[in-house]
Amino acid sequence: MVFKPIKPNPHNLSFTSIFHRCKSMKEFKQSHTQLIIRGLTHPPPSLRPVISFSALNPSGDINYALLLLFQSSTPPAIFLLNTVIRGLARSSFTDSLSSSLLVFRHMAELNLAPNNFTFTFLFQACSNSGAFELGQQFHSRVIKNFFGMDVFVSNSVIQLYSVCGKLDDARRVFDESIKLDVVSWNSMINGYVKYGDISEALNMFKEMPERNDVSWNSILGGLVKYGCLDDAYRVFVEMPQRNLVSWVVMISGYAQNGQPKEALALFREMQSLAQEPNSAILVSVLSACSQLGALDHGSWVHSYIKKKHMRMDSILSTALIDMYAKCGSIELAMQVFSSSREKDVSAYTAAISGLAMNGRSNKALQLFEQMKGEGISPDSISYIAVLCACSHVGCVEKGFEYFASMSDVHGIRPELDHYACMVDLLGRAGLLEQAESFITSMPITPDNVIWGALLGACRVHGNAEIGQRVGNLLLKSDQYHDGRYILLSNIYAESMKEKDSEEVRKTMRRRKIKRVPGCSLIEMNGVVHEFSAGDRSHEKVGEIYLMWEEIVKEIQNCGYKAETRAVVFDVEEEEKEAIIGYHSEKLAVAFGIIYTKPGSTLRIVKNIRICNDCHSAIKLVSKVFNRKIVVRDRKIFHHFEDGFCSCMDYW
DNA sequence: TTAGGGTTAG
């Protein structure tokens, strides 16, 4: 190992200033080593900046700070001990609270009395670990020592009690405080927002003597959290000034509430105001791109990150992996995954589910094993991803092994979503009776999603008997869900029970249930084009329809025959063909074939699942026109190439 | 010194 020598010191710089010049932990450790080599072990003035940097800097190392603190030959000052507790409180290190307690006890061993700073940081450490009772003990010490007079201390107590959901306790401290400031008010408001009392939060917001950016952002965050996006936007517009956090809250609010187009529009507005986005904003923009399947926008964000040399933390790389995977570019997703240095359980999960939804479930299962091999424990979400992968490749036995290992090996209790994956696994494999008895023997009450998974499987395997039982159950318990009616009606239609099929449609009409119209998106040169079935609103409508008719002629020569069983039974055969013949994905394919270079890949995003007819038509289009066509439906990707689909006709 | 923001599944 070669150490960089400390440069000659023409200006007689102290060691302290040498440490100040270091830019990274590596440089720090090198300079520190030099000190030890020169026999100048731990002179207190130079120890201080190393510990502070290691404890507080985002690229520091809190464990190194602890090591230096406890190995110090000269007793550290109270300031330094406080700094380390402060660093521990803000770190995400799992043992940070117990380490804070060690430092606190070390203080007593050194006969140093804790001060108001010490307690502020200790309360912060308790807040971050949700350690309400420990915090209460410190609170009694604070009251005895009159540290509660300090507004920083009382604010950190209010913060602790509100994040733990003890709003009455927090309010008591707030009401009894001699001095309140804007931070005290904000902590109370955040507590109310966090635990769902938005009206009390709004009351306090109105009563506040002064408001800064944080108070506005808290209210904005509260409205977004409870899905009141329109109210939130009104606040966003009215705010006296918006900072970066306001933009993050609003853009992420749209992205998380299924309004990705609004998220992108707001991001464009932000750019037009020459505001530089930070990593949190880009994460939300990437999530919006994922939802829209907007690869062009998403890759632009990726190049922006590279151009600005932004730090690739695990959240940002997870968002990138997810974006590429959900835009059907699984190769690029895996490139980001391989090159990212910080691979945590979320990055793995994004990659695993990305592989599974892109028809590479065996790879997904391998990656899950690799993750465990790296010593990263799977969490509840990664189990959903791996169970889905099992389901796509029909690995029933393996799926049950994983399901058992959740609680046996990792102590994770399976939730409804995991049971739904298991029902899907059995159902897809055609084991419908087993799936039904699995549901009835579940230790928790099955919900509509679980019965829905079984109904979907009955459709795939054409089982009208179980389908009828489950479908009628769902039509009672999930009356407003359009998909249940359509599935059941199609199950009947496909097993030639035309009367029953029509009866379901009638019930649907009687109950005034509107069917969510299918639509397909295709992005071209940064513009998203949207089509619905039989849509005539696109400006190039004439060309598009002509092209599809041409395409049909071509693929008919290769054996294409329109499949019309699963459509409304009260229309004539010809009309059925007309309805199904211009499904939104077909129009998007025709548009793509006209306006893209021969041989280039078409990427289409659909809001509902693809139907049998479109699936077989697009398979042939990929062969006849020599195009890769990627269709993302509600659940998975279909990579069509040379007459085949990555889903192996199983979806 | 104390308060507000981001990802993965279904």
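Below, chain A is the first sequence line, B the second, and so on; all start at residue 1. Note that the structure is predicted; figures quoted are calculated from it, not measured.
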- Which is it for A:Met323 and A:Val336 under the side chain to side chain contact (heavy atoms under 4.5 Å, CB included) test, yes or no, and what are the steps along the way? CA-CA 11 Å; A:Met323 182 278 293; A:Val336 175; over 6 Å; no
- Item | Worked verdict on A:Trp216 versus A:Phe205 for ring pair (Phe, Tyr, Trp, His ring centres under 6.0 Å) | CA-CA 8 Å; A:Trp216 285 91; A:Phe205 182 71; 5.2 Å; yes
- Kindly indicate, with the supporting measurements, whether the criterion side chain to side chain contact (heavy atoms under 4.5 Å, CB included) is fulfilled by A:Phe117 and A:Arg86. CA-CA 9 Å; A:Phe117 288 84; A:Arg86 185 181 165 203; over 6 Å; no
- Task: Given side chain to side chain contact (heavy atoms under 4.5 Å, CB included), test A:Val245 with A:Leu220 step by step and report yes or no.
- Result: CA-CA 10 Å; A:Val245 176; A:Leu220 191 67; over 6 Å; no
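A:Asp417 comes within 4.0 angstrom of a nucleotide base, judged by non-hydrogen atoms across all strands. Residue A:Ser156 is out of contact with every strand shown, counting any heavy-atom pair closer than 4.0 Å. Using a 4.0 Å heavy-atom distance criterion, A:Cys388 is classed as a sugar-phosphate-only contact. Base engagement by A:Asp313 is indicated by at least one non-hydrogen atom pair under 4.0 Å involving a base atom. Contact annotation for A:Lys326: backbone-only contact, meaning every heavy-atom pair under 4.0 Å involves sugar-phosphate atoms and none involves a base.
For A:Glu415 and B:dA9, the CD to P distance is 15 Å, given to the nearest whole Å. Summarising the geometry, the separation between CG on A:Asn217 and C1' on B:dG6 is reported as 14 Å, rounded to the nearest angstrom. In this structure, A:Met250 places its CE atom 15 Å from C1' of B:dG4, rounding to the nearest Å. Here the P atom of nucleotide B:dA3 and the CG atom of A:Asn128 are 8 Å apart, to the nearest Å. To the nearest angstrom, C1' of B:dG4 lies 14 Å from CD1 of A:Ile198. The nearest whole Å value for the distance from the CD1 atom in A:Ile450 to the P atom in B:dA9 is 19 Å. Here B:dG4 presents its C1' atom at 13 Å from NZ of A:Lys225, a figure rounded to the nearest Å. Between the P atom of B:dT7 and the CG atom of A:Leu282 lies a distance of 12 Å, rounded to the nearest Å.
Near DNA chain B, meaning a heavy atom under 4.0 Å away, the residues from residues 235-249 of chain A are A:Asn243, A:Val245, A:Val248, A:Val249.
Ion pairing of A:Arg172 with A:Asp169 is present here, as a side-chain N (NZ or NE/NH1/NH2) and a carboxylate O approach within less than 4.0 Å.
Comparing atom distances between the A:Gln256 side chain and each of B:dG4, B:dG6, B:dT8 picks out B:dG6 as nearest. For A:Thr120, counting side-chain heavy atoms from C-beta on, the closest listed nucleotide (B:dA3, B:dT2, B:dA9) is B:dT2. Nearest nucleotide to the side chain of A:Thr318, out of B:dG6, B:dT8, B:dA3: B:dT8. Side-chain atoms of A:Ser279 lie closest to B:dG6 of the nucleotides B:dT8, B:dA3, B:dG6. Among the nucleotides B:dT2, B:dA9, B:dT7, the one closest to any side-chain atom of A:Val183 is B:dT2. In this structure, the nucleotide among B:dT7, B:dT1, B:dA3 sitting nearest to the side chain of A:Asn190 is B:dA3. Counting only heavy atoms from C-beta on, A:Ile381 has its side chain closest to B:dT8 among B:dT8, B:dT1, B:dG4.
Considering only side-chain N and O atoms, A:Lys343 lies nowhere under 4.0 angstrom from the phosphate OP1 or OP2 of B:dT7. Neither OP1 nor OP2 of B:dA9 sits under 4.0 Å from any side-chain N or O of A:Thr349.
Using a 30° and 60° split on the angle between ring planes, A:Phe123 and A:Phe119 fall in the tilted class, from 30° to 60°.
Judged purely by distance below 3.5 Å, without hydrogens or angles, the side chains of A:Tyr254 and A:Ser284 never pair a donor atom with an acceptor atom. In this model, no donor atom of one side chain and acceptor atom of the other lie less than 3.5 Å apart for A:Asn186 and A:Ser218.
In this pair, A:Phe152 lays its aromatic ring flat on the base of B:dT1, centres within 5.5 Å and planes under 30 degrees apart.
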List the atom pairs, donor and acceptor, that lie under 3.5 Å between side-chain atoms in residues 263-271 of chain A and the rest of the protein, sequence neighbours left out.
from, atom 1, to, atom 2, distance (Å)
A:Arg268, NH1, A:His297, NE2, 3.3

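In this model, a side-chain donor or acceptor of A:Asn212 finds a partner on the base of B:dA3 within 3.5 Å.
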